[in-house]
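Below: one structure, written as structure tokens.
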Amino acid sequence: MGDWRRSHHCAQLSSADTGYDVTLMGWVQFRRDHGGLIFIDLRDRHGLTQVVFNPAINAEAHERAHVLRSEFVLAVHGKVRLRPEGMRNPTLSTGEIEVDVHDWKLLNTANTPPFPIEDRVDISESTRLEYRYLDLRRPRCMHNLIFRHTATLAARNFLTSNDFLELETPILTRSTPEGARDFLVPSRLNSGNFYALPQSPQLFKQLYMISGLDRYYQIVRCFRDEDLRADRQPEFTQIDMELSFVDQSQVMDIAERMIRHIFYETLSVSLPDPFPRLTHAQAIADYGLDKPDIRFDMKLHDITDIVRHSNFRLFSSSPLVKALVLPQGAHLSRGEIDQLTDFVSIYGAKGLAWIKIKPTAWQSPIAKFFSEQERNALAQTLTLKNDDIVFFQAGDPDMVNNTLGYLRLELAQRTQVINQSSFQPVWITDFPLFEWDAAEKRWFARHHPFTSPQDGHDEFMATHPEQALAKAYDLVLNGYEIGGGSVRIHTVDMQNRMFNVLGISSEEAASKFGFLLRALQYGAPPHAGIAFGLDRLIMLMTGSSSIRDVIAFPKTQKAACLMTQAPSRVSTMQLRELGLKLREQAG
RNA sequence: GGGGCCGUAGUUAAGCUGGUUAUAACGCCGGCCUGUCACGUCGGAGGGCGCGGGUUCGAGUCCCGUCGGCCCCGCCA
């Protein structure tokens with residue numbers, strides 16, 4: 001570059017800078033070579049500026065510029081000038097001006113990129129990921145990462161100004177039972193032993209509380225070796241926080257203030273104050289899911305009592321029967337209903353009963369089963385109107401709720417009733433403390449084993465674990481769980497009772513959680529916390545459909561990095577040093 | 001572990017019930033062009049259809065397997 005220094009970036013110059021000498025550096029976005037005049041749109045992360053190579057200004061500089069191609073890197077030195085009348089480009093923020101090139105340097109050449117560096121072309125994801133560094137040059141991708149920085153900064157500013165300390169926790173830690181599958185790291189110095197990458201810094205942040213560092217936060221990478229989804233990557237980032245001497249309502253208050261702050265600082269969006277709240281039971285009752293999208297109504301209705309004596313055996317014999325009304329949905333064709341039937345089968349539904357409310361009659365394969373009384377009760381409970389369609393699901397309560405919950409989302413998507421630009425957070429509270437695992441025939445902690453039961457609910461732990469509610473809370477945004485936390489157990493007695501219910505013997509507890517149990521005996525303060533999924537939050541805020549779009553170097557569904565080809569085989573020597581031997585050595 | 005969608009020039013796509021030399025646009029290469037802005041214009045090169053089998057006189061087209069990408073169920077406290 002010699003002594004050339006960039007004086008401005010490519011979105012900076014305007015008519016106010018006319019006449020100034022400037023130096024820009026960037027990439028060739030578009031080349032328009034007229035033979036006599038050459039126009040280049042020069043791009044950097046901020047934007048585009050048109051630079052003009054004019055033989056009347058510098059013939060030699062113009063002559064050299066014929067070699068310029070897409071994505072060449074150059075530095076131009078020249079004078080800002082107002083574009084001639086009628087030549088201005090209102091679609092470009094710098095469209096009022098251009099830079100007459102007096103001299104320029106080629107900083108680097110570039111191969112023809114495998115795909116154009118523009119937003120308006122859809123490139124297959126595998127090609128994008130193979131050339132991720134080029135993909136990230138595209139404005140949309142770049143914007144997402146810049147936005148992510150801005151939002152993260154807002155979080156840091158908020159937390160710092162609220163007396164939180166950003167504290168680190170180990171990446172190499174120990175594997176613990178419960179929860180997701182761990183990523184393991186073999187130890188060379190302790191052959192046969194393994195570290196685990198943290199699923200979250202859960203225990204360390206509790207230990208910080210015991211240390212007296214009473215407000216902790218960390219923007220931290222977490223690792224879970226489970227199957228991927230559009231909103232799940234094997235490594236992801238949490239905004240993790242923990243506070244001492246607080247109860248549930250205080251954590252929720254400060255957490256939602258942080259979320260409001262982030263939205264306001266980055267999008268100028270004012271979220272409701274306070275966020276609405278639903279109990280877990282109410283969420284399941286109304287929406288079928290514990291992560292309800294409340295941007296639209298269409299609640300589920302429990303009609304078990306109405307059809308308890310129905311002639312329709314499926315309904316009268318099911319423990320739960322619920323209905324979902326799609327207003328003005330009676331126009332759905334047989335084919336569309338068949339598609340929906342296929343859709344619900346994913347969730348274990350055997351079929352999908354429906355009734356179209358027509359002015360003269362109810363049109364339905366099952367209408368004949370209902371008595372006049374039952375029809376009236378249904379019409380009233382469901383506030384049925386002409387040209388509505390009602391869908392039903394009967395059977396196992398979990399299946400019924402899940403199926404209709406997802407059907408509700410599917411119908412909303414198909415009928416486009418969701419306001420895509422709105423953000424509607426909702427707290428879900430009063431989760432069950434335990435969940436019964438039918439396969440393993442034991443209780444699991446629904447949140448995690450360090451979650452405190454609600455006051456008085458510890459009575460149920462030994463006798464009726466299903467009745468115990470937890471001091472746990474999730475924050476749901478537009479149908480995505482973006483955060484969750486709990487008040488923690490802070491006495492060793494309660495922690496032991498919890499392990500007891502979970503079937504973790506005192507020997508196992510001592511060997512795997514001994515450090516926590518011991519620490520709880522040295523004056524552990526009451527404490528509580530929450531963690532937010534930063535990737536999901538940024539995904540929603542940027543209107544992205546996958547967290548891959550807000551992660552710089554994401555993995556594919558098979559957890560591979562197409563750019564670096566990770567994971568990869570390692571040498572026999574490396575394995576030997578680690579005391580490992582592959583069971584099957586292919587190739 | 002399972003279900004669904006998809007792999008055709010560098011890219012994005014078309015290619016019907018199998019039928020001559022596999023289309024197009026953009027990109028790329030070369031010529032012309034002093035006011036373009038996804039410049040224009042004239043000309044040119046480039047793939048054998050993810051890979052491997054099979055059916056057939058004949059296979060991007062049908063079948064089987066396999067690899068890869070995406071969506072989902074299970075899984076993810």
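Since the model is a prediction, treat every value here as computed from it, not as a measurement. Sequence lines set the chain letters: A, B, ... in the order given, protein chains first and strands last, and positions in each chain run from 1. Values reported hereafter were calculated over all heavy atoms of this structure, with side chains retained and with hydrogens, waters and symmetry mates removed.
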Shortest non-hydrogen separation from A:Gln238 to A:Ala531 and the atoms involved: OE1-CB, 3.4 Å
Output the single nucleotide from B:rC73, B:rC71, B:rU11 whose closest atom is nearest the side chain of A:Ser546. B:rC71
For B:rG74, give the paired nucleotide (Watson-Crick: N1-N3 plus N6-O4 or O6-N4; G-U: N1-O2 and O6-N3; both under 3.5 Å), or none. none
5' precedence on RNA chain B between A:Tyr347 and A:Arg224 (nearest-nucleotide basis): A:Tyr347
Heavy atoms only, 4.0 Å cut-off, all strands: where does A:Arg69 land among base, sugar-phosphate and nothing? sugar-phosphate
Considering only NZ, NE, NH1 and NH2 on the basic side and carboxylate oxygens on the acidic side, decide whether A:Glu71 and A:Arg31 come within less than 4.0 Å. no
For residues A:Arg414 and A:Gln339, is any side-chain donor paired with an opposing acceptor at under 3.5 Å? yes
Can a side-chain donor-acceptor contact be found between A:Gln206 and A:Tyr208 if the only test is distance below 3.5 angstrom? no
Return the 5'-most residue of the pair A:Pro55, A:Asp33 with respect to RNA chain B, ranking by each residue's nearest nucleotide. A:Pro55
Per A:Leu562 side chain, nearest of listed nucleotides B:rC73, B:rG69, B:rC28: B:rG69
Given that both distances must come in under 3.5 Å, which nucleotide forms a Watson-Crick or G-U wobble pair with B:rC57? B:rG19
Counting side-chain heavy atoms from C-beta on, which of B:rA38, B:rG69, B:rG35 comes nearest to A:Asn89? B:rA38
What's the gap between B:rU20 and B:rG58 when it is taken at their C1' atoms, as a whole Å value? 11 Å
Which protein N or O atoms sit under 3.5 Å from an N or O of nucleotides 41-49 of chain B?
none

Once you round it to whole Å, what is the distance between C1' of B:rC5 and CD of A:Gln339? 14 Å
Ion pair A:Asp338/A:Arg334, N-O distance below 4.0 Å: yes
Classify the nucleic acid contact of A:Glu98 as base, sugar-phosphate or nothing, counting any heavy atom under 4.0 Å across all strands shown. base
Taken to the nearest whole Å, CG/A:Asn54 to C1'/B:rU34 is 7 Å
Test: A:Arg442 cationic atom under 6.0 Å from A:Phe444 six-membered ring centre, within 45° of axis: yes
Which whole-number value in Å describes the distance from A:His62 NE2 to B:rG35 P? 12 Å
Checking B:rA38, B:rC75, B:rU36 against the side chain of A:Phe30 (C-beta onward), the nearest is B:rA38
In terms of side-chain heavy atoms of A:Leu37, which of B:rU34, B:rC37, B:rC71 is nearest? B:rU34
Ignoring backbone atoms, test whether A:Lys558 places a side-chain nitrogen or oxygen under 4.0 Å from the OP1 or OP2 oxygen of B:rG68. yes
Under 4.0 Å, heavy atoms only, any strand: does A:Ser200 hit a base, just the sugar-phosphate, or nothing? base
So what does A:Pro116 hit on the nucleic acid, given a heavy-atom distance under 4.0 Å: a base, only sugar-phosphate, or nothing? nothing
Check for me: is A:Phe39 stacked on B:rU36 by the 5.5 Å centroid and 30° plane-angle rule? yes
Side chain of A:Arg83, heavy atoms from C-beta onward: which of B:rC73, B:rG69, B:rC37 has the nearest atom to it? B:rC37
Would you mind checking if A:Arg81 and A:Asp100 are paired as a salt bridge, meaning a charged N to carboxylate O distance below 4.0 Å? yes
Rounded to whole Å, the CD-P distance (A:Gln565 to B:rG68) equals 11 Å
Looking at B:rG68, which nucleotide sits across from it as a Watson-Crick or G-U wobble partner, both distances under 3.5 angstrom, or is there none? B:rC6
Quick one: do A:Glu226 and A:Arg224 make a salt bridge, cutoff under 4.0 Å? no
With rounding to the closest Å, how many angstrom separate the C1' atoms on B:rG1 and B:rG60? 32 Å
Can you confirm whether the side chains of A:Gln50 and A:Arg32 place a donor and an acceptor under 3.5 Å from each other? yes
If we call it a pair only when both distances are under 3.5 Å in a Watson-Crick or G-U wobble match, what pairs with B:rG43? B:rC29
If I take atom NE2 in residue A:His66 and atom C1' in nucleotide B:rC32, what distance separates them, rounded to the nearest angstrom? 12 Å
Do the side chains of A:Arg128 and A:Asp549 get close enough for a salt bridge, i.e. N-O under 4.0 angstrom? yes
Mind checking A:Arg81 for me? I need base, sugar-phosphate or nothing, with any heavy atom below 4.0 Å counting as a touch. base
Counting only side-chain N and O atoms of A:Arg31, is one of them less than 4.0 Å from OP1 or OP2 of B:rA38? no
Return the nearest nucleotide to the side chain of A:Glu226; candidates are B:rC76, B:rG35, B:rG1. B:rC76
Inter-nucleotide P distance (B:rU41, B:rA59), Å rounded: 41 Å
Distance check needed: B:rC71 P versus A:Asp231 CG, whole Å only. 9 Å
I'd like to know if the side chain of A:Lys205 and the backbone of A:Met241 have a donor-acceptor N/O pair within less than 3.5 Å. yes
Could you give the distance separating B:rG74 and B:rG15 at their C1' atoms, to the nearest angstrom? 38 Å
If you measure from the P atom in B:rG48 to the same atom in B:rU11, how many Å do you get, rounded? 12 Å
Could you check if the base of B:rG50 is syn or anti? Syn means the glycosidic torsion is within 90 degrees of 0. anti
Would you tell me if any nitrogen or oxygen in the side chain of A:Thr556 comes within less than 4.0 Å of OP1 or OP2 on B:rG69? yes
Of the listed nucleotides (B:rG35, B:rC29, B:rC37), which one gets closest to any side-chain atom of A:Arg32? B:rC37
For the C1' atoms, the ones on B:rG4 and on B:rU21, what distance do you get once it is rounded to whole angstrom? 38 Å
Under 3.5 Å, N/O pairs linking protein and nucleotides 12-14 of chain B:
unit_1: B:rU12; atom_1: OP1; unit_2: A:Ser124; atom_2: N; d: 2.6
unit_1: B:rU12; atom_1: OP1; unit_2: A:Ser124; atom_2: OG; d: 3.3

Does A:His34 stack onto the base of B:rU36, taking stacking as ring centres under 5.5 Å apart and planes under 30° apart? no
A:Ile547 CD1 to B:rC71 C1', straight-line distance once rounded to whole Å: 15 Å
Under 3.5 Å, is there a donor on one side chain and an acceptor on the other for A:His448 and A:Arg488? yes
Using Watson-Crick or G-U wobble geometry with both distances under 3.5 Å, which nucleotide pairs with B:rA24? B:rU12
Applying side-chain contact (heavy atoms from CB on, under 4.5 Å), can you list everything that pairs with A:Asp290, at least two apart in sequence or on another chain? A:His280, A:Ile284, A:Phe431, A:Arg446
Any side-chain donor near an acceptor of the partner, A:Thr18 and A:Ser15, under 3.5 Å: no
When you check the phosphate oxygens OP1 and OP2 of B:rC26, does a side-chain N or O of A:Arg120 lie under 4.0 Å from one of them? no
Syn or anti: how is B:rG47 classified when any glycosidic angle within 90° of 0 counts as syn? anti
For B:rC71, take OP1 and OP2 only and decide whether either is under 4.0 Å from a side-chain N or O of A:Gln557. yes
Considering only side-chain heavy atoms of A:Arg232, which listed nucleotide, B:rG69, B:rG74, B:rU34, is closest? B:rG74
Sugar-phosphate, base or nothing in reach of A:Arg128, heavy atoms under 4.0 Å: nothing
A:Arg88 atom CZ is separated from B:rU36 atom P, nearest whole Å, by 14 Å
